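Please read all numbers here as calculations on a predicted model, not as lab measurements. Quick note on labels: first sequence line is chain A, next is B, and so on, each numbered from 1.
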Amino acid sequence: MHDAAAKSLSANVTGSSETYRASLLRDRLWRAALWFCGFIGFLLPVAIIGYLIIEGLRFVSWQFLTDYPKGSPLGTEGGIWPAVEGSLALASIGLLVAFPLALGGGLYLSEYGRSQRFNKIVRFLVECLAAVPSIIFGLFGYAFLVVFLKFGISLIAGGLVLALIMFPILLIAVQESLRSVDEAYREMGLSLGVTRFYLVRRVLLRKAWRGIVAGIVLAVGHAVGSAAPVLFTASVYFSKGGLGLDRPVMTLPTHLYNLVSEAISFDQAFGTALILIAGLLIFNASAMLLRRLGGGFTQ
Amino acid sequence: MTRRFFSKSLYWSDAALKALSFLALGTGVSFLLLMIVFVLRESSLGSGFTMNLFDFLVRDPWAPMATPPSHGIFHAWISTLVITGLSLLLAIPLGFGIGLFLSEVAPRWVQQVMQPALELLAGIPAVVYGFFGYVTLVRNFEVWFDMPAGECLLIAGLILAVMVLPFVASTAAEAFRSVAQELREMAYGLGVTQLYVMRRVLFRKALPGLFAAVALGLARALGETLAVLMLAGNTVAVPHSLLERGQPLTALLATELGETVVNSAKYQALFASGFILLIVVLGINAVIWILKHHFLERSHA
Amino acid sequence: MIVPMAMTRYHVPEEVCDSPASERIFDIRDLSVTFNGRPVLQKVNVMALNRQVLAIVGPSGSGKSTLLRTMNRTLELTRDARIISGDIHFKGEQLYGNGTDPRIVRKRICMVHQKPVAFPMSIEENVLFGVRFHKNWNGRTKDEIVQSCLERVGLWNEVKDRLSEAASRLSVGQLQRLCIARALANDPEAILMDEPCSALDPVSTGRIEELILAMRPHLPIIIVTHNLAQARRISDQSLFLSDGKSLEQDTTERIFTHAVNERVRDFITGKVG
């Protein structure tokens, strides 16, 4: 009885079992191919980042970070402090301008905007803004801020361009983190007769702040790394350091670009790339941590 | 007790916050419109554009120093097209594969490792990609293909493929994940293989999302600047093969803008090409938006 | 209230125990399943006979669907579910034996789900979905298969003029019958149904019930239902499941009138929901 039944297990598949076995083989090959794709997707970031870290570590020291570019041609020796300083200043100005606007915008969209249609259109425009290539922001910044408003190539012009780049990222982060707060909090809060302002301040922002901060971290990381928008609005080839709103600055990405395109020093370039990558890793890790914590709390 | 029941003052803070937040939203968003208008204005495409559009796009070479100077961008958009096409050709199959892997095959712990890895790949600054491509590929190409200078469209396309890969992969993974679990279970319940389910059910159901993934990759690739600037070679000749140098639109803008007299014919030409790029990317973005909403509404129904 | 041991012990009628092995479609012994380490089924026993409809009833959350999904090996599609002990025999074969291909199991034992879903293709292609994979044409053309399967579920006359239309345009009731046709096209040896009528209106429910009774002579059917009246209308045997334990199995007639287990009696009389 059992033997006969066991035989029927394979025999019972009507149609030739040869084709069946072929389709199983194809399935197995396909799965192997997908695993291979996944492996590549994992290998690429690890290999690229690992390569840059290993090569870069040879040239990075505390002095590299805090010294000024030296040597002849300039940049072959010394450090990159003015670029670090400039990048941080640009991102800070960008954040200072963009965050209040984004917080307000996100609040309006998620808490006050009553018309679905209006919210949808605005969100569409914001997503358009987020998709615009950064070189276009550079063009706009150059024509509008540097030339039209006569800011000149300066920290303030670059900072405002970065603000424009950060605004949509921040707004989407604010709106999404507020939206992920359970609707029950709003109903419960408002049913106690408090204003939305009070509710936002006491409940919603407390629930959503981790997501918002994660958005800030990602936006700043993005702004620090992008060279195209500051190339002709804020950056110069060399600066003695010291910041002024009306003066240009050095930035990390443009410095790296100059080192490579003018073939000044690949050692220095490896060091600069490592500083950028290290910044990226720190930013991403903290954003991930915040989001994970935030996720745990909102549930 | 003559306390008024509905005190107006209590709601001032609310009205103020509402007005302020609306103002903030308006300010931010109006800059997008300002940007479009301003780039268009600087290009004078509307009124005083000094060139025939056909000459500008197809016929004229880019020779600003010649007499008379000529500012055609044929070489630039051809380079952009070649590099973008090449990068998508590589990134789409691999990205879809990674998407399928993440959504259908990978065990949970693998997903938890891959997702941040892809995010890192997406977060690496373009200039670092350019540098990486330079020190790894460009130098070796000089040896392998016996080229005087290694920069070429092929390298730019390869690196660009790596850059858009995480966007294509994560959007594709999302598209596959959004296919209802019940559908998957029903299909497997009929005793078919994973390949069969993917081919006949998942791909069709995820199609709008997959289109969105392609569109997102396309938009990213078109607008990428620093990496192609450093790797494509930056020459104004029209490229004839993948191993030749070229100058995509974005690289043209980045190279020339700093040294251009404001409101000259060259300045107009640069802003006109910027405007075209902007409009194309916004158009692609609109398509992504429609696809996303189309298939969101579908999956809710 | 403390239930005496004798009362909680699983009860199977003698004629089922004494039935010859060849008449036993499903013979499940001491099946235990965990979900993320949490027990969902504990030492469940089921015996299903040929040419009969077995209804699995019980309060919601008692593990009815999980039990059904172990029976054609679709449970393993859920990541967190584990079968930790027990035996499942289908016609005397080990369902989870070494070298048993789950796809062949699923081809031979088909499942009809609670919520009908159309595959993204035409009505005709929906029916042929499994056939195109398993190649069980058996000398029939595709039109013959489509027609015979749709006729068996009473859908042929309604859709014969629009076979190439997208299946998603059918009504829910029609879709559920299409799902059954899709299962029949596989030439299954048993059909499992997981609350097939819970998403349907009374008229469509009636048609599905007629269909079940019509299929009974050729195909053993196991149906999970939360609807006691339905179980009474269409089933020959009924199995009561509660908190992941099988309490009692008997002929439907007897279990609805003279249940041995007290909790089963309470459930039938509506004392507990």
Side-chain angles (χ1 to χ4, degrees), chain B residues 96 99-115 172-213 291-292 294-301, chain C residues 36 65 68-69 71-80 101-122 125-136 166-168 175-176 178-189 191-194 199:
Chain B
F96 283 8
L100 264 179
F101 174 75
L102 281 177
S103 121
E104 307 299 318
V105 181
R108 201 164 296 170
W109 69 271
V110 174
Q111 289 179 28
Q112 274 164 357
V113 175
M114 288 270 306
Q115 213 86 47
E174 207 181 306
F176 287 122
R177 282 199 190 110
S178 73
V179 175
Q181 188 60 33
E182 296 141 15
L183 198 68
R184 219 169 267 141
E185 249 177 52
M186 270 188 189
Y188 286 125
L190 292 168
V192 299
T193 52
Q194 201 160 24
L195 173 60
Y196 192 73
V197 174
M198 288 175 184
R199 198 159 56 82
R200 298 217 49 198
V201 178
L202 283 179
F203 258 101
R204 292 206 207 174
K205 271 285 173 186
L207 209 56
L210 295 179
F211 270 122
L291 285 170
K292 235 164 54 175
H294 172 74
F295 93 97
L296 266 182
E297 276 154 29
R298 266 262 200 98
S299 62
H300 278 304
Chain C
N36 254 337
S65 297
L68 202 67
R69 290 169 67 205
M71 292 157 80
N72 77 335
R73 298 193 62 168
T74 42
L75 186 73
E76 55 212 75
L77 299 173
T78 314
R79 276 173 205 251
D80 301 321
D101 188 334
R103 284 164 287 240
I104 298 181
V105 170
R106 292 172 198 155
K107 190 253 160 207
R108 293 174 60 190
I109 307 164
C110 280
M111 170 91 85
V112 175
H113 293 76
Q114 191 167 355
K115 201 179 124 203
V117 185
F119 292 149
M121 48 193 90
S122 67
E125 283 303 314
N126 260 277
V127 176
L128 292 172
F129 184 82
V131 182
R132 282 204 192 280
F133 178 83
H134 297 294
K135 314 235 181 321
N136 53 330
S168 52
L175 207 52
Q176 188 61 295
L178 180 67
C179 287
I180 298 175
R182 194 161 65 190
L184 289 175
N186 259 3
D187 294 329
E189 296 165 42
I191 291 197
L192 312 174
M193 295 186 160
D194 187 2

message: Looking at chain B, which one of C:Arg132, C:Arg73, C:Met111 has the largest number of heavy-atom pairs inside 4.5 Å, strictly under?
response: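 Top option by heavy-atom pairs under 4.5 Å: C:Arg132.
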- request: Using the test side-chain hydrogen bond (donor to acceptor under 3.5 Å, both in side chains), find all partners of C:Thr78 that sit at least two apart in sequence or belong to another chain.
  value: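 Counting only residues at least two positions away or on another chain, C:Thr78 forms a side-chain hydrogen bond (donor to acceptor under 3.5 Å, both in side chains) with C:Arg69.
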field: From CD (C:Glu125) to CZ (B:Arg200), nearest 0.5 Å
entry: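 So the gap between those two atoms works out to 5.0 Å.
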query: Is B:Met186 close to C:Phe119 at the side-chain level, that is, under 4.5 Å between some pair of heavy atoms?
result: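 Yes; the side chains approach each other to less than 4.5 Å.
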message: What I'd like to find out is whether the side chain of C:His113 reaches to under 4.5 Å of the side chain of B:Glu182, using heavy atoms alone.
response: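 C:His113 vs B:Glu182: side chains apart.
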message: Quick one, B:Leu190 with C:Phe133, criterion side chain to side chain contact (heavy atoms under 4.5 Å, CB included). Give me CA distance, side-chain angles, the key distance, then yes/no.
response: CA-CA 9 Å; B:Leu190 292 168; C:Phe133 178 83; over 6 Å; no
Segment of [X] engaging chain B (4.5 angstrom heavy-atom cut-off):
X: C:Asn126; value: neither
X: C:Pro188; value: neither
X: C:Ala185; value: neither

Part of B:Ala180 lying under 4.5 Å from any heavy atom of chain C: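 Interface part for B:Ala180: neither.
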- prompt: If every non-hydrogen atom of B:Tyr188 is compared with every non-hydrogen atom of C:Arg106, which pair is closest and at what distance?
  reply: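 Closest approach of B:Tyr188 to C:Arg106: O-CD, 3.0 Å.
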- request: Evaluate side chain to side chain contact (heavy atoms under 4.5 Å, CB included) for B:Val192 paired with C:His134, printing each intermediate quantity in order.
  value: CA-CA 8 Å; B:Val192 299; C:His134 297 294; 4.2 Å; yes
message: Strictly distance-based, threshold 3.5 Å: is any side-chain N or O of B:Tyr196 a donor or acceptor partner for the main-chain N or O of C:Gly130?
response: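 Checked: no pair found.
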task: Can you sort out the partners of B:Phe211 under ring-ring contact (aromatic ring centres under 6.0 Å, His included), two or more places apart, ordered by chain and number?
output: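 B:Phe211 satisfies ring-ring contact (aromatic ring centres under 6.0 Å, His included) with no residue once adjacent residues are dropped.
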